[in-house]
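Below: the structure, in structure tokens.
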Amino acid sequence: MTKVTMRTYSYLFLLPAGIIYFVFYLLPTILSFFFSMTRWTLTKWDFIGFENYATFFSETSLSIGFKNTVIYAIVTCGLKVVFGLLLGAFLTSQVKFKNYLRSVVFFPTLLSTIAVGIAFSTMMHPSQGVMNKALDAIGIIGPDWLGNTKLALLSVASVDVWKGVGVATVIFIAGITAIPQEYYEALKIDGGSNWSAFRHITMPLSRPAMNSVIILAFIGGLRSFDLIWAMTKGGPGFTTDLIASIIYKQYQAGFYGLATAGNVILFICVSVLAFPLYKFLTRSEVDV
Amino acid sequence: MGRGGRQLALGVVALFISTMIFWIPFYFVIINSLKNQTQSADLSMAWPTSFHFFENYKAVLSASEHMLVRAFLNSALLTILSIGILVLVAAMAGFVLQRREGGRASSLINFLVLAGLMIPPAIVPTIWVLDGIHLFKTLTGITLVEVSLHFPFAAILYKAFVASLPREIDESAMIDGCGGGRLFFGIIFPLLKPVTSTIIVLTSINVFNDFVNPLYFFPGSANATVQLTLYNFMSRFTTSWNLLFADIVLISIPMLVLFIFFNKKIVAGMTAGAVKG
């Protein structure tokens, strides 16, 4: 680096951001590894080694969060990819009212998650809710969407998809628009159908967009908290508790060391699941 | 049926399905925010027997000594401050990171920034740090937390955008005797406007709608943000669904207005961030 470069592009420009990022994000992240091994009251701590982790994995009420979080992330991510791809392909075709439909799909993204959670939990009310009344009208007895232990997690996940599919769709729209039209024209000359265009051109060539969607949705799913908290608070029992809601419950109960251990488990989930997924996806990417 | 006819039919079907899936929840919330308490308790889609627009909305706004009004002020202040600081520090950082790419420190910094996109924040230790520097439960404290959490995304967008600005601009400014500060604030920063507006829109949605960080870092009724009032009202108004829904409508308005004005910008920003980043 020349002297001029040093002066013009000085690292001093990084300092304000660097200080804020270090103090309010990096430092707490580093400290969490230590505090997760303590019994901690914010003013005092006793070092107890891996006891918090042992507690976490030995109590069903805590470790269920680990299982639920992975299920929740996979279900929401999978559905967002499928619906996002289909909607993206549909909304880049010659269909009428395209701009309006794009706006409508994107709209829920702007809403507060808590508001969406409250609205849907009333619509999912087992006897009075709009959803079961509609099912009633066609002769089906609807389930207790949020009270049934087998169904509740999936009900919340589907609301998550309702709210988040707009982002996935927009990313797919961007990816599909970037595919050169010549490919489609060549296929049409060879007499290919719309389905084969989707299967052999749109799907493989929107891979970079799909990878972005998978990573964003998967990490978002692992970190989810507000929707579950607004809709079920982890219930019935602990059947919809996620790691993030367990962290909050332990924090509220004053178990700061245990809450921080939950946090570290969440980092490890992201590092062990999402980083390799990211590596795998970007390695097998084809250039357009 | 011709090709145009088929596209039209498909469009009409899509309009119908989108109404079912996306508009009914809105209709449900708005219509119930206008009913009286008894009728809203049915949680039905029925048309109100009598309209209670002013009573309901006034009741929500004045509940708990105008807590919602205070919350709107808090949320607006939090959003504006966070965006102001974020744009300034992230633009400076993105500029230097791009121009010094390959420099000694830059690969480590890039890794730390990228990690921030993926790794969830450590909550209780953050409270401990905030408490230690006397910023816990303060607007300054939560603003800086929001800035640090949105920094990676903003810095990466800025960095990508700076790469598209030719270095000749910098060089001619240097020849004219510009130092780093004047080059950045006088010439580069104004050129970053497109990406700055994207960041402003996306960050305001995220910060205004944020529930988790205010819940942890900004507790107390004097500090309430709009998302927390909704959450608090949820337990207080369990028998008055009309008021709860009126609150939902009120706190959704700012972002809907933003959407109407910046519809295209939001979509462009989402795609730029997700695909290039």
Side-chain angles (χ1 to χ4, degrees), chain A residues 1 4 7-11 13-14 16-17 20-21 23-29 31-32 35 42 94-97 101 103-104 106-107 110-115 118-119 122-123 125 128-130 167 170-171 174-175 208-209 212 216 219 223 225-226 247 251 256 259-260 263 266-267 270 274, chain B residues 7-8 10-11 14-15 18 22 25 28-29 42-43 45 89-90 92-93 95-96 99-100 103 105 112 116 118-126 128-129 131 144-145 147-149 151 170 174 179-180 183 205 209 211-212 227 230-231 234 244 248 251-252 255-256 259 263 267 270-271 274-275:
Chain A
M1 292 270 165
V4 176
R7 210 172 50 225
T8 321
Y9 306 127
S10 158
Y11 276 130
F13 269 59
L14 285 176
I20 296 173
Y21 191 57
V23 174
F24 299 97
Y25 176 78
L26 293 175
L27 180 66
T29 303
L31 288 174
S32 67
F35 282 126
L42 280 187
Q94 299 300 313
V95 68
K96 291 275 184 294
F97 318 116
L101 291 170
S103 304
V104 168
F106 188 71
F107 206 30
L110 297 158
L111 299 172
S112 123
T113 315
I114 298 295
I118 294 173
T122 54
M123 295 199 299
H125 189 284
Q128 288 179 295
V130 172
V167 176
V170 166
I171 295 170
S212 297
L216 283 176
I219 294 175
R223 293 164 66 159
F225 169 69
D226 30 12
I247 293 173
Y251 163 73
Y256 298 134
T260 307
N263 236 145
L266 193 56
F267 304 162
V270 172
Chain B
Q7 297 297 355
L8 184 68
L10 216 56
L15 277 185
S18 70
F22 291 102
F28 171 77
V29 169
D42 292 343
L43 300 178
M45 308 274 283
V89 302
M92 283 162 60
F95 171 64
V96 171
R99 288 306 194 231
R100 293 190 68 140
L112 290 177
M118 296 206 165
I119 304 288
I123 291 153
V124 195
T126 310
W128 186 75
V129 168
D131 200 36
L144 293 170
V145 170
V147 171
S148 69
L149 296 183
F151 168 72
D170 308 13
M174 284 179 213
L183 166 66
I205 296 169
N209 283 339
F211 170 69
V212 185
Q227 306 306 324
L230 191 53
Y231 175 71
M234 189 161 67
L244 192 56
I248 292 182
I251 71 163
S252 304
M255 292 304 112
L256 295 188
F259 179 64
N263 185 3
V267 173
M270 294 295 317
T271 45
V275 178

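The most heavy-atom pairs under 4.5 Å with chain B, out of A:Pro16, A:Ser32, A:Pro28, A:Ala119, come from A:Pro28. Between chain B and the options A:Leu266, A:Ile247, A:Ile114, heavy-atom pairs under 4.5 Å are most frequent for A:Ile114. Note: A:Val130 leads A:Leu31, A:Val130, A:Leu26 in heavy-atom pairs under 4.5 Å with chain B.
At a 4.5 Å heavy-atom cutoff, the contact between A:Phe35 and chain B is made by side-chain atoms alone. Heavy atoms closer than 4.5 Å to chain B are found in both the backbone and the side chain of A:Leu110. If you measure heavy-atom distances from B:Ile205 to chain A, the contacts under 4.5 Å come from the side chain alone. For A:Val270, the part lying under 4.5 angstrom from a heavy atom of chain B is the side chain only. For a residue to count as touching a neighbouring chain, one of its non-hydrogen atoms must lie under 4.5 Å from one of that chain's; by this rule B:Leu183 touches chain A with the side chain only.
The aromatic rings of A:Tyr9 and B:Phe95 stand perpendicular to each other, their planes meeting at an angle above 60°, with 30° marking the opposite boundary. Taking the six-membered ring for Trp and thresholds of 30 and 60 degrees, B:Phe211 and A:Phe225 have nearly parallel ring planes, at less than 30 degrees apart.
To the nearest 0.5 angstrom, B:Met174 atom CE is 4.0 Å from A:Thr8 atom OG1. To the nearest 0.5 angstrom, B:Leu149 atom CG is 9.0 Å from A:Tyr21 atom OH. The distance from the OG1 atom of B:Thr126 to the CG atom of A:Leu27 is 8.5 Å, given to the nearest 0.5 Å. Atom-to-atom distance recorded for B:Leu43:CG and A:Met123:CE is 10.5 Å, nearest 0.5 angstrom. The CH2 atom of B:Trp128 sits 14.5 Å away from atom OH of A:Tyr256, with the distance rounded to the nearest 0.5 Å.
Side-chain rings of A:Phe107 and B:Phe22 stay apart, their centers remaining 6.0 Å or farther from each other.
Within the 4.5 Å cutoff, side-chain heavy atoms of A:Ile118 are placed close to those of B:Leu244. Residues B:Pro121 and A:Thr29 fail the side-chain proximity criterion, which asks for heavy atoms closer than 4.5 Å. Side chains of B:Leu112 and A:Tyr25 form no contact here, defined as non-hydrogen atoms less than 4.5 Å apart. Between A:Ser10 and B:Val96, the closest side-chain pair of non-hydrogen atoms is not below 4.5 Å.
Residues passing the side-chain hydrogen bond (donor to acceptor under 3.5 Å, both in side chains) test with A:Ser103, sequence neighbours excluded: B:Asn263. Contacts of B:Ala14 classified as side chain to side chain contact (heavy atoms under 4.5 Å, CB included), with partners at least two apart in sequence or in another chain: A:Phe90, A:Leu101.
In terms of heavy-atom proximity, A:Asn263 sits nearest to B:Ile123 at OD1-N, 2.8 Å. Minimum heavy-atom separation, B:Ile119 to A:Phe267: CG2-CD2, 3.7 Å.
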